[in-house]
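This report refers to the structure that appears directly beneath it.
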Protein chains: 2
Amino acid sequence: MSQAIMSTDQDTINPVQWRNNALELLDQRLLPGEETWLRLEDVEVTAGAITDMVVRGAPAIGVTAAYGVVLAARDRYSADPDTWKTAIQADLDTLNQARPTAVNLRWAVARMAKLMSGIDGDPVPVLLAEARRIHDEDIAACRHMGELGAAYIDADAGVLTHCNAGALATAGYGTALGVIRSAWSKGKALTVFADETRPWLQGARLTAWELLHDGIPVQLLADGAAAYLMQKGKVQWVVVGADRVAANGDVANKIGTYGLAVAARHHGVRFMVVAPTSTIDMQAASGAEIPIEQRDPDELFLAGGKRVAAEGAGAWNPVFDITPAALVDVLVTERGALDSPNAASIGNLMGI
Amino acid sequence: MSQAIMSTDQDTINPVQWRNNALELLDQRLLPGEETWLRLEDVEVTAGAITDMVVRGAPAIGVTAAYGVVLAARDRYSADPDTWKTAIQADLDTLNQARPTAVNLRWAVARMAKLMSGIDGDPVPVLLAEARRIHDEDIAACRHMGELGAAYIDADAGVLTHCNAGALATAGYGTALGVIRSAWSKGKALTVFADETRPWLQGARLTAWELLHDGIPVQLLADGAAAYLMQKGKVQWVVVGADRVAANGDVANKIGTYGLAVAARHHGVRFMVVAPTSTIDMQAASGAEIPIEQRDPDELFLAGGKRVAAEGAGAWNPVFDITPAALVDVLVTERGALDSPNAASIGNLMGI
C-alpha cells in the first residue's frame with residue numbers, strides 16, 4: 001500500500017490521483033490507522049467525498065474538483081453530445097457547493113469551465129489535460145513555496161503548525177509542511193510541534209503521519225497548550241496554510257489559527273501563512289466576506305468515534321476562523337513572499 | 001444513583017463523601033456515561049485515586065486528601081497506638097506526592113497534620129471532624145465566591161469557562177461554575193460556553209454534565225475556537241478556577257487557560273479567576289515557582305479511548321499552564337474579590 005500513495009516521479013505523498021479512467025482518493029477519514037483508496041467514477045460521489053472530508057485541504061479540494069469536472073463532462077457528453085455544456089452546469093454547482101470556505105474549489109471549477117466553450121467533440125482529453133495541469137502546477141507551487149518559506153526560518157528554530165497543510169492537503173508536498181520539508185531537506189534541524197487540531201484531529205492523525213513518513217520528528221500538543229509553548233520560548237515560528245485569503249490579506253484557515261496568531265503576536269513569535277495564489281480570493285475584500293463553515297456538532301460530541309460530551313449540551317462548531325492580515329508576518333505564495341501582506345501588496349502580486 | 005450524588009442538605013453535586021466509615025468518590029473518569037462510586041478504605045488507594053484522576057480539581061483534591069489523612073491515622077493507630085504519629089509521616093508524603101500542581105493537596109494535609117500533635121488516644125474523631133470542617137468550609141467558600149463573582153457579570157453576558165471548576169472540582173457548588181450558578185440563580189440569563197478542554201475533556205464531560213444537571217444550557221466549543229468566539233463578540237467574561245495562585249497573583253490552571261487570558265486581553269474580554277484562599281501559595285513568589293505536571297502522552301495519543309495519533313509521534317503534554325497576574329482582571333476568593341491582583345493586595349488579603 002505504501003507504494004500506492006507515492007506519486008511515481010517523486011518521493012512525496014499524493015492523496016489525489018487519476019488512475020485507469022477514474023479519480024482515486026486516499027480516504028483521510030481513516031488515516032493513520034488505515035490507508036484505504038476510494039475510486040470515484042462520477043461527479044456526485046466526488047462532491048460527496050469533498051463534503052464528507054475523504055479529501056480536505058484547500059489545494060487538494062481544488063485538484064479533486066478539477067477531476068470531478070472531467071467525470072461530469074464524460075457522463076454528460078456520453079448522455080448527449082449536443083447538450084452536455086448546458087447539462088454540466090448543474091454538476092459545476094454541485095461541486096461548488098460541496099464545501100463553502102476553501103476558495104480553491106470554485107477557482108478550479110471556474111478554470112475548468114472556462115475551457116469548455118472552445119471544446120468541439122469529446123471534452124475528456126482537453127479537460128483531463130487541464131486537470132492534470134492544475135494538479136502539476138499545485139505540486140510545483142508547493143515546492144517553490146517551500147523554498148521561499150524555508151529561507152525565513154533559522155536552522156535551529158522551533159516551528160509550530162496547525163491542522164494539516166501538507167501533502168495530504170494539496171496535490172503533494174504541502175504548503176506549511178512544504179516549508180518544513182524544504183527547511184529539513186536543507187539540513188535545518190527544526191524542532192517541529194503540531195497542534196492535534198480538534199475536532200477532526202488533522203494534526204495528530206495526518207500531519208504527524210506525514211512528517212514521520214518523511215522521517216521528520218514531531219511533537220503533538222493539545223490545541224490549548226500552544227500559548228504556553230510560546231511562553232516557554234519553544235517556538236520562533238507558527239507556519240500554517242490557508243483555505244482562503246481575502247484581497248486585503250485576511251486569512252481563513254482551520255479553527256484555532258486565529259488564536260495562534262494572537263498568541264504569536266503577544267510573544268513576538270512570527271506567523272507565516274503559506275498558500276498558492278489559487279487560494280487568494282480577490283472578490284473578497286476582507287475576511288468578513290469569507291463564509292465560515294459550521295459542521296455537525298457530533299464532531300465535538302464525539303472523540304475517537306465515541307460519545308464523550310454530556311447529553312443535552314449544545315455546540316458551537318465553526319471549523320475555520322479569520323486571522324486579520326495585521327497579525328500575519330509573511331504570506332508565502334508561489335509568486336513570491338510578502339512581508340506584512342496588505343491590499344496593496346496582494347493587488348500587486350495578483351497583477352491588479 | 002442520582003440521589004447518591006446529592007449532598008443531603010442542599011441541591012448540589014458532591015463528588016467527595018465520607019460514608020459508613022470510608023471515603024466515597026464519584027469516579028470522574030467515567031462521567032458522563034457512568035455514575036460510579038468508588039469506596040476507598042485506606043490512604044494508598046486514596047492517593048492513587050488522586051493520581052489517576054478519579055477525583056480532580058484543586059479544592060476537591062484537598063478535601064479528599066483530608067479524608068485520606070483520617071484513613072491513614074485509623075490504620076496507623078490501629079497497628080500501633082504508640083507510634084502512629086511517626087508512622088503516618090510516610091502516608092502524608094504519599095498523599096503530598098499524588099499530584100504536583102494543586103496546592104490545596106499540601107494545604108489540607110498540612111492542616112490535618114498540625115492537629116495531630118495535640119491528639120491523645122484515638123485520632124479518628126478529631127481528624128474526621130477536621131476533615132468535615134475542611135469539606136464544609138469549601139462548600140461555604142464556593143457559595144460566597146459565587147456571590148462575589150456573580151456581582152461582576154451583567155445579566156445578558158456571554159461567559160466562557162475552561163476545564164471543570166465546578167461542584168465536581170470542589171466539595172460541591174464550584175468555583176468558576178459557582179459564579180455561573182450564582183448569577184443564574186439571580187435570574188441572569190447568561191449564555192454559557194465551555195471549552196471541551198483536551199486532552200481530558202473536562203469541559204465536554206464534566207462541566208456540561210454539571211451545568212445541564214442544574215438546568216443551565218451550555219454550548220461546547222473546541223479549545224482552538226475560543227479566540228474566534230471572542231472576535232465574534234460572543235463573550236464578555238472568561239471565568240476559570242485555579243490549581244495554585246502564587247503570592248504575586250500568577251495563576252496555575254488547566255492547560256489552555258493562559259491562551260484564553262492572552263486572547264481575552266487582546267479582545268477586551270474580562271478574565272476572572274475564582275479560587276479559595278487554600279489555593280493561594282504564599283511560598284511561591286511567582287508562577288515560575290509552581291511545578292507544572294506533565295502527564296502521559298497517551299492522553300494526547302488517544303481520544304475517546306481510541307488511538308488517534310500517528311504511531312511514532314512525540315508529545316508535549318503539560319496539563320497546567322501559568323497565567324501572569326497582569327492578565328487577571330479579578331481574583332475572587334472567599335475573603336473578597338481583588339481587582340488586578342498583585343503581590344501587595346494578595347499579601348493584604350492573606351494577612352501578611
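Order of the sequence lines fixes the chain letters, A, B, ..., with proteins taken first and strands second; residue numbering starts at 1 for each chain.
Both the backbone and the side chain of B/Leu229 come within less than 4.5 Å of a heavy atom in chain A. Looking at A/Pro324, only its side chain comes within 4.5 Å of chain B, counting heavy atoms on both sides. In this structure, chain A has no heavy atom under 4.5 Å from any part of B/Lys254. Only the side chain of A/Leu212 has a heavy atom closer than 4.5 Å to any heavy atom of chain B. Using a 4.5 Å cut-off between heavy atoms, B/His162 does not touch chain A at all. Using a 4.5 Å cut-off between heavy atoms, B/Glu311 touches chain A through its backbone atoms (N, CA, C, O) alone. Looking at B/Pro318, only its side chain comes within 4.5 Å of chain A, counting heavy atoms on both sides. Both the backbone and the side chain of A/Ile322 come within contact range of chain B, each with at least one heavy atom under 4.5 Å from a heavy atom of that chain. Interface residue B/Leu201: only side-chain heavy atoms are found under 4.5 Å from chain A. With a 4.5 angstrom heavy-atom cutoff, A/Asp321 touches chain B via backbone and side-chain atoms both.
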| task | Take A/Asp223 and A/Thr197 through the test side chain to side chain contact (heavy atoms under 4.5 Å, CB included) and record every step on the way to the result. | result | CA-CA 6 Å; A/Asp223 303 322; A/Thr197 318; 4.2 Å; yes

| task | Verify side-chain hydrogen bond (donor to acceptor under 3.5 Å, both in side chains) between B/Asn164 and B/Arg56, making sure each step is shown before the conclusion. | result | CA-CA 9 Å; B/Asn164 173 267; B/Arg56 24 66 52 202; 3.0 Å; yes

| request: I would like to know whether B/Asp329 and B/Met272 meet side chain to side chain contact (heavy atoms under 4.5 Å, CB included); could you show each step before the answer? | output: CA-CA 6 Å; B/Asp329 292 302; B/Met272 179 188 294; over 6 Å; no

| task | Show your working on side chain to side chain contact (heavy atoms under 4.5 Å, CB included) between A/Val240 and A/Phe271 and close with a plain yes or no. | result | CA-CA 8 Å; A/Val240 296; A/Phe271 190 85; 3.9 Å; yes

| field | Verdict with supporting geometry, B/Thr191 and B/Lys234, side chain to side chain contact (heavy atoms under 4.5 Å, CB included) | value | CA-CA 9 Å; B/Thr191 303; B/Lys234 289 182 183 285; over 6 Å; no

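A salt bridge links B/Arg181 with B/Glu210: at least one charged nitrogen is closer than 4.0 Å to a carboxylate oxygen.
Between chain B and the options A/Gly305, A/Ala309, A/Gly256, A/Gly314, heavy-atom pairs under 4.5 Å are most frequent for A/Gly314. With respect to chain B, the highest number of heavy-atom pairs below 4.5 Å among A/Phe301, A/Tyr228, A/Phe193 belongs to A/Tyr228. Of the residues considered (A/Leu31, A/Val319, A/Val262), A/Val262 shows the highest number of contacts with chain B, using heavy-atom pairs under 4.5 Å. Looking only at heavy-atom pairs under 4.5 Å with chain A, the residue among B/Met230, B/His267, B/Arg265 that has the most is B/His267. Ranked by heavy-atom pairs shorter than 4.5 Å toward chain A, the options B/Glu196, B/Arg205, B/Glu299 are led by B/Glu196. Interface summary for chain A: among B/His266, B/Lys306, B/Gln231, the most heavy-atom pairs under 4.5 angstrom belong to B/Gln231. Put simply, of A/Ala310, A/Pro199, A/Ala227, the one with the most heavy-atom pairs under 4.5 Å next to chain B is A/Ala310. In terms of non-hydrogen atom pairs under 4.5 Å with chain B, the most contact-rich of A/Ala263, A/Pro217, A/Gly312 is A/Gly312. Of all the listed residues (A/Gly33, A/Gly203, A/Ala222), the one sharing the greatest number of non-hydrogen pairs under 4.5 Å with chain B is A/Ala222.
Sparse packing is recorded around NZ of B/Lys232, with 12 or fewer heavy atoms of other residues, nucleotides or ligands lying under 6.0 Å away.
Residues B/Arg99 and B/Glu293 are in side-chain contact: their nearest non-hydrogen atoms beyond the backbone lie under 4.5 Å apart. Using a 4.5 Å heavy-atom cutoff, the side chains of B/Asn253 and B/Thr323 are not in contact. Residues A/Leu260 and A/Asp195 meet the side-chain proximity criterion, which asks for heavy atoms closer than 4.5 Å. Proximity of A/Thr170 to A/Thr175: side-chain heavy atoms (C-beta onward) are separated by under 4.5 Å at one or more points. Residues B/Ile290 and B/Phe320 form no side-chain contact, since every pair of their non-hydrogen atoms from C-beta on lies 4.5 Å or further apart.
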